[in-house]
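So the structure is just underneath, and the comments pick up after that.
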Amino acid sequence: MSGHNAVLGVCVCVTLVFTILALRKYTDLTSHKIANFVTLVTWFLSASVVLILPFDVSATTYWNCLRGWYCNGTASAERPGCLPDAPLFNSSVPSLCDANNATCHCLPPASLNTLDALKGYWQFGYWTCQFLTWLVLPILQSYSIAGDFTVWQRLKSALKSNAYSYLSLGLLSLVLLIYLTVKSGMSISGLRQLVVVASNTWGLVLIILMLGYGIVDVPRSLWYRYDTKRYLKSMQFKVGAAHQSLSEKRDELKDIYDKIVESIATNSDESLSHALTVVAAKCPFDAAEQAAALSASTTSESSSTTRTPSQVTLRSLSALHSRLIATQQAVKRQEHLYEEAIIKAIAIGDVLDQADSTTKIFTSSTQQEGHTSSQKGRLRQLLGNTTAGKLEWYWKVKLRPKLFFALAIVSTTMSVIVAWSEATFFHNNPTLSLFALMVNAARHGSGYSRLEFVTFATLLYLSVCTYRVVIRLKIFNYELVPQQKTDAASLTFSSTILSRLVFPLCINFLTMSHYDSTVSQDPTLTQPTMFTVVMGHFQVFDFVNDFNAYYPITIIAVSAFALFRLGGRILACLGFPNLMSDSDTTEDFITEGKTLIRRAKRSLRAGNSVFESVATSMPKRGNLVLAGESPRSTRSKVTAAAAVSALSAQTAAPSSPARGSRGENSRSSGGSWFRSLMGRSSVGSRDDEEQLLESVESDHSRIDARPPARIFDDL
C-alpha cells in the first residue's frame, strides 16, 4: 500500500472496529454466526461510506485543479481526459505539476488517495451490497424464522418464500427492459446502468420517507431530553404502551401454546413424533403433561359432545413452529423494551426529585440499604460515595440538560439547512442550496481539511437522521434491541434497508453540494468524483418526468407531516413510530405507567430486578418424551394458559408453587417478574396493592375500548 492510500486503510480499520462494537451491542457475536457475519459486512460497508466519501471529495477537488492546469492550452483538446465530460485519469499529471510548480499551484491533500484505489473501493462496496441486499439477506431472514425441522427444509422454505418476490421483481424488470430496448435500444453496458439506476431510484424513494421523518425526529428527541419533566411524561407513556404491547404478545403466545398442546393431544401419526418433540421442547412447561390432561378431559366429554379432532400435518406443524419462534422473539424484545423504559423513567424521576437537593449528592431511589461500594459501581469505589455522588449530581442535574440544549440547537439548525437545501438544490443561478455554498466556500479556502470536515459532518448528520429511523423501524415486528437482545431476523432486515439506502444517500448529498455535473453549472468544477464515475449521476428513469420538481417537495411534505403530527396513521401503516393522537388514551397510558413505575421501584428496593422480583429455582422444561422426569403434583392441573402467565423468558420455565401471603412470604415462595410488577409479590400492604391492581385493571378496561396510541421513541 502506497503512502497516499494509507489513509484509506486506516479508515477501513477504524470503521471495522466501530462496526464490530456496534454489532456487539445488539447481538451475541457467538450466536447466529452466518447472519452476524453478513450483517457485519453490510454495516461495515454502509458505515465506511461516511468516512471514505470526504476523501473522495477532496481528491476530486485536487484533480479538478490539475485538470484546469493540464487542459489549459492550444493542444489541450487532444490530450486524454480534456474532452468535455471526460474525467482526467492520467496518473502522470501530478508529477508534471510538481515539475512545473511555477505555473501549477495545485497542492495535494494530506489524505490523498489514488483514483484507482477509490474507484476499486466503490465498485467493491456497491456490488457487494447489491448482492447481499437482494439475494443473501432476504434468504437469511426467511431462514431464521422458518419453522421446518431440518436444515434443508428450512433453506427450501426460505427460497420458496422469496421466490414470489423474485418472480414479481423479475417480471417488472423484464417489462421495463423491453420498454427501454424498444424505445432507445438497450445494450449490455446500458443494462448495467439500468440496474444501477433502478437501485438508486428505489433508495431515493426510501430516503424521501426516512430522511424526511428523521430531520424532524432527531431535534424533537433532543428537545425532549432537555425538558426533563416532559421527557419523564413521555417515558411514563412509553412504560404503559410497552406494558400493553407485552400483554398482547403474551396473549398471542398463550394461544400458540394452547394450539401446541392441542396438536400433541390429537396427533395419532407416529411420523410426526420428532417434529412434535422439537416444538414441545420450546414450550416453558411440560407440554406432554398438558396434552395428557387435555386428552383426558376430551375423553370424558366425548359421551355428551361429538368433537372432530384437528388434523395435524407436517405443514401445519411447520407453520405453528414458525409462529412460535417469531412470537417468542417478539416477547423477548418487548420484555427488554419494557425493562429499559422503566429503568429510564426511574432515573429521570430521580433527577427531578433531587434537582433542589441541598446536599448536592445524587442518590438512587432504588438503592438498597447495606450496599457495599463494590455494588455501587466502579466510580464510587475510586472516588468514594460522597465525591462520586456530587459529580453525578452536577452531571445529571446541571451539565447534561445544557448538553442536550446545545445538541438540540445544533440539530435544529442542521435540519433547517437540510430541508432548505433539499428544496433548492436544483436551482443554480443563483445558488440557493446552503450545503452547496458551504462546500464551495470550503473548497476555495486554504487546505482541504475544512472541506473534508464539512463533508463528513453533513454526511454524518444525514446518516444519523436516516439510520435512526431504520434502527427504530417497527415494521413486520422487526426491531433492533440493545444489550444483545436482537434476533437474527431483525438484524438481517435492518441490514437489507441500510444497504439499500447508503449509496442513494451519498448521491443525494453530492447533488445538494453541487458536486454532480447534472445539477451544478459551475464551469470550474469539471472533474467528477470517483463515486459518481461508479454510481452514475443523480437520475431516475427517463419516462419519469420532472422528478427534480416533486422529489424535494415530497421530502418537505413528509417533514411537515411529522413536524405537525399530521401523518401519524399514514406513517404507522408504513412502519414508522406512530405519534400521540388521542389525549384520553395517552393519559390512560401515562396513569398506568406511573403505577407500574412505583411497583418496579419497590421491587428494586427489595433487592429484586425489574424482571425477577424473587429468585426462584425453576424446574426444567418438559418434553414430549418424558425421560426420567416426574411431573410435580402442584402442576398436574396447570393449563398452558396458566403457564404463559408466569413466562419470564424463552428459556425460563415457570413454576406454580402454592401461593403464600403477600409481602415477605410471597417473595420467598416464588412468582414471576411480571406478577411482581402487577403487585402480586411486592413490598407493601395488601390493601395498597389491591387498590393499585384495581386501578390498573380499570385502566385496561378503558384502554381496550380504543385503538392504542403510540409515541415516538426518545433518545
Side-chain angles (χ1 to χ4, degrees), residues 219-243 338-373 375-412 580 583 586-610 677 682-685 688 691-692 695 711-715:
R220 177 182 283 166
S221 300
L222 291 171
W223 284 115
Y224 264 59
R225 293 301 299 269
Y226 165 67
D227 189 349
T228 309
K229 292 182 179 179
R230 191 175 184 182
Y231 186 50
L232 175 61
K233 193 172 183 179
S234 70
M235 291 308 302
Q236 290 168 346
F237 175 92
K238 189 175 180 180
V239 168
H243 170 256
Y338 180 68
E339 178 195 26
E340 184 182 39
I342 282 187
I343 295 299
K344 283 185 177 181
I346 293 175
I348 298 166
D350 291 344
V351 173
L352 284 175
D353 293 339
Q354 301 180 45
D356 299 325
S357 173
T358 56
T359 61
K360 297 183 180 180
I361 298 177
F362 191 88
T363 56
S364 174
S365 61
T366 58
Q367 181 176 321
Q368 303 173 50
E369 296 294 336
H371 260 200
T372 61
S373 60
Q375 294 172 303
K376 294 181 179 179
R378 192 169 296 177
L379 181 63
R380 293 183 181 269
Q381 292 182 37
L382 296 175
L383 303 178
N385 292 335
T386 302
T387 304
K390 285 188 176 183
L391 290 176
E392 189 175 2
W393 187 90
Y394 277 103
W395 162 246
K396 292 184 176 180
V397 177
K398 297 296 183 181
L399 298 180
R400 190 168 63 179
K402 291 181 174 59
L403 175 62
F404 281 121
F405 178 78
L407 291 176
I409 293 293
V410 172
S411 64
T412 302
M580 291 188 297
S583 58
T586 300
E587 290 301 324
D588 287 339
F589 276 119
I590 292 175
T591 301
E592 183 182 7
K594 291 178 181 178
T595 303
L596 296 172
I597 291 168
R598 284 196 299 266
R599 289 175 177 165
K601 198 179 292 187
R602 287 195 295 270
S603 178
L604 292 172
R605 287 199 196 103
N608 304 314
S609 66
V610 173
L677 294 183
S682 302
V683 179
S685 66
D688 180 58
Q691 182 180 0
L692 291 175
S695 174
I711 192 173
F712 54 88
D713 297 325
D714 297 296
L715 284 176

Examine distances only and state if a side-chain atom of D350 and a backbone atom of S365 form a donor-acceptor pair shorter than 3.5 Å.
yes

In I348, I590, D227, I597, the residue satisfying side chain to side chain contact (heavy atoms under 4.5 Å, CB included) with L232 is I348

Measure up the F405 and Y226 rings against each other and bin them: parallel (under 30°), tilted (30 to 60°), perpendicular (over 60°).
tilted

Check: T363/W393 side-chain N/O donor and acceptor closer than 3.5 Å
no

Would you say NZ of K233 has more than 12 non-hydrogen atoms from neighbouring residues, nucleotides or ligands within 6.0 angstrom?
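Check fails, neighbour count at 12 or below.
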
Value rounded to 0.5 Å, distance of [atom1] in [X] from [atom2] in [Y]:
{"X": "T595", "Y": "H243", "atom1": "OG1", "atom2": "NE2", "result": "10.0 Å"}
{"X": "R225", "Y": "S234", "atom1": "CZ", "atom2": "OG", "result": "9.0 Å"}
{"X": "K402", "Y": "L407", "atom1": "NZ", "atom2": "CG", "result": "14.0 Å"}
{"X": "L596", "Y": "S603", "atom1": "CG", "atom2": "OG", "result": "12.0 Å"}
{"X": "L391", "Y": "K360", "atom1": "CG", "atom2": "NZ", "result": "13.0 Å"}

What about Y224 and Y231, are their ring centers closer than 6.0 Å?
no

Are the aromatic rings of F404 and W223 close, with centres under 6.0 Å apart?
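Ring centroids of F404 and W223 are no less than 6.0 Å from each other.
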
Kindly indicate, with the supporting measurements, whether the criterion side-chain contact (heavy atoms from CB on, under 4.5 Å) is fulfilled by R400 and V351.
CA-CA 11 Å; R400 190 168 63 179; V351 173; 3.9 Å; yes

Which atoms form the tightest heavy-atom contact between [X] and [Y], and what is the distance?
{"X": "T412", "Y": "A408", "answer": "OG1-O, 2.7 Å"}
{"X": "A345", "Y": "V239", "answer": "CB-CG2, 4.4 Å"}
{"X": "Q354", "Y": "V397", "answer": "O-CG2, 4.3 Å"}
{"X": "E392", "Y": "K396", "answer": "OE2-NZ, 2.7 Å"}
{"X": "S411", "Y": "L222", "answer": "OG-CD1, 3.4 Å"}

Can you find a heavy atom in the side chain of L403 that is under 4.5 Å from one in the side chain of W395?
yes

Apply the test side-chain contact (heavy atoms from CB on, under 4.5 Å) to residues D588 and E592: give CA-CA distance (whole Å), side-chain angles for both, the deciding distance (0.1 Å), then the verdict.
CA-CA 6 Å; D588 287 339; E592 183 182 7; over 6 Å; no

